[in-house]
Number of protein chains: 2
Amino acid sequence: MSARRELHDVADRLHSIAIHLLRRLRKVDESSGLSGPRLSAMSVVVFGGPLTITALAAAEQVKTPTMTRLVQALEREGYLRRHSDPLDARVSRVEATPKGHKVLMDGRARRVKMLAGLLEELSPSEAKVVRESVTLLESIVAGRRTVAPLE
Amino acid sequence: MSARRELHDVADRLHSIAIHLLRRLRKVDESSGLSGPRLSAMSVVVFGGPLTITALAAAEQVKTPTMTRLVQALEREGYLRRHSDPLDARVSRVEATPKGHKVLMDGRARRVKMLAGLLEELSPSEAKVVRESVTLLESIVAGRRTVAPLE
DNA sequence: AGAAATACTTAGCAAGGCTAACCTTTCTGC
DNA sequence: GCAGAAAGGTTAGCCTTGCTAAGTATTTCT
């Protein structure tokens with residue numbers, strides 16, 4: 001098999017893995033009581049500190065009206081709260097409440113637990129291979145390298 | 001770091017990778033002209049042969065009314081067609097048209113190309129590590145290997 | 001001071017998820 | 001062989017989450 005063809009094959013299978021993985025994760029997320037978009041937004045707020053609606057929308061790759069509504073819902077349910085910026089009355093900063101912090105951590109723990117359960121099926125040497133490749137994948141997927149060809 | 005802790009760490013990062021990967025894939029899918037749910041349903045129809053609405057709904061893990069609507073839209077746009085079963089007048093079998101087949105294959109090629117583009121950044125030895133781990137991940141994530149890849 | 005830019009909200013639309021309720025058709029048990 | 005249950009689909013109607021367009025309030029720039 002040519003190197004070119006081999007790459008294509010790996011990409012194909014990686015694609016399949018990602019899809020199956022995400023399906024499983026979605027199922028786990030359901031038990032948190034928060035929808036995907038809400039959980040995801042909460043995650044940014046919890047780990048990204050207090051931030052504005054606009055910044056949050058950008059981080060989540062949605063438009064501001066969408067984020068306004070998400071934040072309103074999450075605020076209504078007590079997962080986060082807002083306080084206006086004393087220096088700029090236009091912006092409102094969003095921050096997680098203890099309840100919001102907890103729901104996110106619990107959900108995250110569930111997801112990680114599920115994945116860890118799957119990884120437990122590997123032998124120590126296999127686990128080592130996966131660990132190494134995770135580092136590599138991390139760098140190319142999350143990294144700021146040039147985005148896809150896609151013409 | 002304990003083996004237990006290490007496992008947790010890898011799971012956590014794998015989770016993050018899956019999310020980032022999904023986001024990128026969604027972007028690529030947009031250019032096919034079909035939304036995620038429609039593309040996904042098309043994939044099942046193309047690879048799973050003619051099948052009923054109920055079976056399709058089950059494969060896609062949605063309820064039948066949802067699938068009815070998706071199929072109606074896809075039929076309206078010429079990506080698939082239905083013909084009633086001569087043996088059971090209740091069911092209607094769904095099948096991809098050539099146009100539907102093509103749009104799916106093109107979309108699939110785009111996704112794989114995007115992933116392959118990312119993987120190209122790896123050195124040959126790194127690629128080898130990833131390739132090996134893909135095989136491992138595949139076996140633990142996909143579980144039953146009966147269903148077609150790429151749903 | 002007045003114009004432009006920024007931060008956010010409101011209003012209204014579409015897609016895609018759901019449940020409940022409804023046909024039709026098929027199967028089952030008597 | 002027929003009444004009623006079960007199964008396959010559809011329709012109706014609700015909710016969430018995306019979007020754009022348009023509006024308000026505040027800040028910044030000239």
Side-chain angles (χ1 to χ4, degrees), chain A residues 22-23 25-27 29-45 48 50-77 79-95, chain B residues 19 22-23 25-45 48 50-77 79-95 103 151:
Chain A
L22 285 160
R23 275 209 181 139
L25 287 171
R26 214 175 293 136
K27 285 238 171 67
D29 281 347
E30 277 167 19
S31 59
S32 76
L34 283 181
S35 68
R38 291 183 189 186
L39 215 39
S40 188
M42 281 306 301
S43 169
V44 175
V45 174
L51 74 181
T52 67
I53 302 274
T54 298
L56 190 46
E60 287 297 277
Q61 300 175 41
V62 297
K63 301 298 178 186
T64 53
T66 298
M67 191 49 71
T68 289
R69 201 172 33 195
L70 278 172
V71 165
Q72 286 169 339
L74 289 167
E75 186 179 28
R76 205 181 309 124
E77 287 160 34
Y79 295 117
L80 46 80
R81 83 185 107 86
R82 302 141 102 171
H83 40 79
S84 41
D85 189 321
L87 300 172
D88 186 341
R90 291 171 306 180
V91 320
S92 81
R93 280 179 202 264
V94 176
E95 197 174 20
Chain B
I19 287 184
L22 174 74
R23 280 204 183 139
L25 288 171
R26 211 179 290 138
K27 285 234 173 71
V28 171
D29 282 346
E30 277 166 19
S31 58
S32 75
L34 282 181
S35 67
R38 290 182 190 187
L39 213 40
S40 187
M42 280 308 300
S43 171
V44 174
V45 174
L51 73 182
T52 67
I53 302 274
T54 298
L56 191 46
E60 286 298 277
Q61 299 174 41
V62 298
K63 301 298 177 184
T64 53
T66 299
M67 192 48 71
T68 289
R69 202 171 34 192
L70 279 172
V71 166
Q72 286 169 341
L74 288 167
E75 187 179 27
R76 206 180 309 126
E77 287 160 33
Y79 296 118
L80 47 81
R81 82 185 107 85
R82 300 141 103 172
H83 38 81
S84 42
D85 189 321
L87 300 172
D88 185 342
R90 290 171 306 178
V91 320
S92 80
R93 287 191 193 254
V94 176
E95 198 173 21
V103 80
E151 290 170 31

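Letters go in sequence order (proteins before strands), and every chain restarts at 1.
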- Query: Just checking B:Arg93: base, sugar-phosphate only, or nothing, at a heavy-atom cut-off of under 4.0 Å?
  - Reply: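 Counting heavy atoms under 4.0 Å across all strands, no contact is made by B:Arg93.
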Nearest atoms (heavy-atom pairs only) where [X] meets [Y]:
X	Y	value
A:Asp85	A:Val91	CB-CG2, 3.2 Å
B:Ala55	B:Thr52	N-OG1, 3.0 Å
B:Leu74	B:Ala41	CD1-CB, 4.4 Å

I'd like to check [X] versus [Y] (side-chain heavy atoms, cut-off strictly below 4.5 Å). Are they in contact?
X	Y	answer
B:Leu70	B:Arg38	yes
B:Ile53	B:Ser92	yes
B:Tyr79	B:Val45	no

- Taking only N and O in the side chain of B:Arg38, is any of them less than 4.0 Å away from OP1 or OP2 of C:dG17?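 Checking B:Arg38 against C:dG17: no side-chain N or O falls below 4.0 Å of OP1 or OP2.
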- Side-chain N or O of A:Gln72 closer than 4.0 Å to phosphate OP1/OP2 of C:dC8: no
- Within residues 51-64 of chain A, find the residues that approach DNA chain C with a heavy atom at under 4.0 Å, and present them sorted by residue number.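 DNA chain C contact set from residues 51-64 of chain A: A:Thr52, A:Ile53, A:Thr54, A:Thr64.
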- Query: Please give, in whole Å, the distance from C:dG17 P to A:Leu34 CG?
  - Reply: 20 Å
- Item | Salt bridge B:Glu95-B:Arg82, side-chain N to carboxylate O under 4.0 Å | no
- Go through the structure and list residues passing side chain to side chain contact (heavy atoms under 4.5 Å, CB included) with B:Ala89, not counting sequence neighbours.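 In terms of side chain to side chain contact (heavy atoms under 4.5 Å, CB included), with neighbours along the sequence ignored, B:Ala89 is linked to no residue.
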- Task: Could you say whether A:Thr66 or B:Met67 is positioned toward the 5' end of DNA chain D, judged by the nucleotide with the nearest heavy atom to each?
- Result: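 Closer to the 5' end of DNA chain D: B:Met67.
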- Query: Is there any salt bridge (charged side-chain N to carboxylate O under 4.0 Å, His left out) pair reaching into residues 61-71 of chain B, and which pairs are they, with sequence neighbours excluded?
  - Reply: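 Matches after skipping sequence neighbours: none remain.
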- Walk along DNA chain D from 5' to 3' and tell me the first and last nucleotide with an atom closer than 4.0 Å to a non-hydrogen atom of chain A.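 First and last nucleotides in contact are D:dT16 to D:dT27.
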Distances under 3.5 Å between nitrogen or oxygen atoms of protein and nucleotides 21-28 of chain C:
from	atom 1	to	atom 2	distance (Å)
C:dT26	OP1	B:Ala89	N	2.8

- Using side chain to side chain donor-acceptor pair (under 3.5 Å) as the criterion, list what pairs up with B:Gln72, not counting sequence neighbours. none
- Task: Starting at OG of A:Ser84, measure out to CZ of A:Arg93 and round the result to the nearest 0.5 Å.
- Result: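 Those atoms lie 10.5 Å apart.
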